[in-house]
Trainee: 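The following block contains the structure, expressed as structure tokens.
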Amino acid sequence: MGQSSLATLPESSAPRRPPEAIVTVQVPFLDLRVQHEPLMAELLEAFRQVTDTSAFAGGPFVARFETEFAAFCQTRHALGVGSGTDALWLSLLALGVGPGDEVITVPNSFMATAEAISLCGARPVFVDIDEQTYTMDPGQVEAATTLRTQAIIPVHIFGQMADMDAILAIARRYGTPVVEDACQAHGAEYKGRKAGSLGVAGCFSFYPGKNLGAFGEAGAVTTDDPELRSKIQVLRDHGQAAKYLHSTIGWNARMDGIQAAVLSVKLRRLAAANAARRTNAQLYDQLLATEPRVIRPTIGSHNLHAFHIYAVRVQDRDGVLQRMAARGVNCAIHYPVPIHLQKAYAFLRLGPGSFRVAERCAQEFLSLPMYPELRPEQIKFVVETLKECLRN
Ligand SMILES: Cc1ncc(COP(=O)(O)O)c(C=O)c1O
């Protein structure tokens, strides 16, 4: 029920909250307002340029952002699309993934990773994650590979890249393309190479809360492959190879000009913002180092983490989350139910116990507030509150 409908209720029937239930938020999980405030002059100028030229769907601002984002990701091409989900789906379609095919991925991701596979008519085949890095366990990929396997999607979860050398080695052996789900990993690196530059395609989400966030929905595919680029270019625009000439059945998955203009402004700050996230993560690590009830994130030896999310593991996670919220610290859970246990995938008949690490982590993950503008005193308050809220 929205507020306006509440206002129309007679005085006596309007629900009243007891005053003790009103909690002042001391540290929000995410604060986009503090990120945008210093950029407002530049953002307003960017809006003005887009409105002056009426370049709202696709167009020069999207083309400019694509060039800038490709350079940032160390790839030859980047293609703006409507969302991260579009990026994954169109990449798989362009690779020819279809009904009867299988795509290997992990169950501890946002639903969209598996959804994109299903939207192609293919079947997601899950492998468990590594208990240290929470990314795809390469040791399980070979056993999951069949004659039907048409792609592998490692997910660079929380801002840390998967063990790409090991995954690419298996993929090469079987001739399987690797599509990186880099939706949480803008600017993350593996052996000095950027997320999105190691697979045949890299898929990014610019959902507002991401390390690089738009003012609405947007996404991108990065690739070095000119053929893949051309296919996705056609697919994202109703299958049009030329205006009103449709060579294939596509979709409307174009990026908005306004989103591209916003993203260009924010891309210039991304490296510095990621560095600030790493500094914040270091302070969390330092303050939590002597707390045995908390498992801190582990950074893989070849990785530069982008810390989209700073997730710790605790027992009685739901209780801790509630007690912290009652003290004004908002945390989150990424993600409470692994994909194979979602009702939507019940048809795969993968019950509890199928992927033990992913399932245990899903019960224990607690995402602490994380954004570049988080102040040291806020981090200290989060850690003090967390320690108070842990039960032995
Ligand atoms: C790992 C992962 N994959 C895919 C997506 C889908 O991106 P979008 O929400 O832009 O469609 C997200 C977004 O939350 C994500 O975190």
Side-chain angles (χ1 to χ4, degrees), residues 29-30 32 62 65 69 78-93 103-120 124 126-127 129 133-136 151-162 164 167 178-188 195-196 199 201-222 232 235-236 251-256 258-260 262-263 266 277 305-311 332-340 342 344-345 358 361-362 365 367 370-371:
F29 179 67
L30 180 64
L32 290 177
V62 174
F65 173 69
F69 194 61
L79 289 146
V81 292
S83 66
T85 312
D86 280 346
L88 287 160
W89 176 47
L90 298 187
S91 297
L92 294 176
L93 277 182
V103 177
I104 298 172
T105 192
V106 286
N108 72 317
S109 183
F110 181 56
M111 178 69 172
T113 313
E115 224 169 24
I117 299 166
S118 298
L119 283 172
C120 295
F126 298 110
V127 295
I129 53 167
T133 61
Y134 312 136
T135 57
M136 177 178 275
I152 303 171
I153 309 184
V155 179
H156 304 327
I157 201 79
F158 301 158
Q160 161 149 260
M161 289 180 68
M164 291 304 289
I167 294 166
V178 173
V179 173
E180 295 173 64
D181 184 336
C183 287
Q184 298 188 4
H186 321 68
C203 300
F204 290 86
S205 164
F206 303 122
Y207 185 76
K210 300 295 188 195
N211 288 31
L212 180 60
F215 277 11
E217 307 286 347
V221 180
T222 50
I232 294 172
L235 284 169
R236 74 173 172 183
W251 189 252
N252 178 356
R254 295 181 299 245
M255 180 185 268
D256 291 342
I258 289 274
Q259 303 306 349
V262 166
L263 289 166
K266 292 173 78 172
R277 285 173 184 271
H305 206 307
F307 280 106
H308 172 54
I309 287 167
Y310 185 91
I333 303 171
H334 300 90
Y335 297 93
V337 180
I339 302 176
H340 67 285
Q342 296 284 351
Y345 279 110
C361 288
F365 276 148
S367 307
M370 172 52 86
Y371 45 93

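Given the structure is predicted, the values throughout are model-derived calculations rather than measurements. Each ligand, and each atom within it, is numbered from 1 in the order the structure gives. Numbering starts at 1 and runs along the sequence shown. Values below: all heavy atoms of this structure, side chains included; hydrogens, waters and symmetry mates excluded.
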Trainee: Which one of Asp181, Val155, Val127 satisfies the side-chain contact (heavy atoms from CB on, under 4.5 Å) criterion with Thr105?
Mentor: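 Going through the options one by one, the only one that passes is Val155.
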
Trainee: Does the side chain of Phe69 reach to within under 4.5 Å of the side chain of Leu212, using non-hydrogen atoms?
Mentor: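 Yes. Closest side-chain heavy atoms under 4.5 Å.
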
Trainee: Output all residues satisfying salt bridge (charged side-chain N to carboxylate O under 4.0 Å, His left out) with Arg236, sequence neighbours left out; order by chain, then residue number.
Mentor: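 Salt bridge (charged side-chain N to carboxylate O under 4.0 Å, His left out) check on Arg236 returns Glu66.
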
Trainee: May I ask you to decide if Tyr134's main-chain N or O and Asn108's side chain share a donor-acceptor pair within less than 3.5 Å?
Mentor: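 Between the backbone of Tyr134 and the side chain of Asn108 there is a qualifying donor-acceptor contact (under 3.5 Å).
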
Trainee: I'd like to check the side chain to side chain donor-acceptor pair (under 3.5 Å) partners of His156; sequence neighbours left out, ordered by chain and number.
Mentor: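 Partners of His156 by the side chain to side chain donor-acceptor pair (under 3.5 Å) criterion, ordered by chain and then number, come out as Glu180.
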
Trainee: Distances only, to 0.1 Å: what are the N or O pairs between ligand 1 and the protein that fall under 3.5 Å?
Mentor:
residue, atom, partner, partner atom, Å
ligand 1, 3 (N), Asp181, OD1, 3.3
ligand 1, 3 (N), Asp181, OD2, 2.8
ligand 1, 7 (O), Ser205, OG, 3.4
ligand 1, 10 (O), Gly84, N, 2.8
ligand 1, 10 (O), Ser205, OG, 2.7
ligand 1, 11 (O), Gly84, N, 3.3
ligand 1, 11 (O), Thr85, N, 2.9
ligand 1, 11 (O), Thr85, OG1, 2.4
ligand 1, 14 (O), Lys210, NZ, 2.8
ligand 1, 16 (O), Gln184, NE2, 3.0
ligand 1, 16 (O), Lys210, NZ, 2.9

Trainee: List for me each residue that meets side-chain contact (heavy atoms from CB on, under 4.5 Å) alongside Phe215, sequence neighbours excluded, and say none if there are none.
Mentor: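 side-chain contact (heavy atoms from CB on, under 4.5 Å) check on Phe215 returns His36, Leu43, Phe47, Gln259, Val262, Lys266.
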
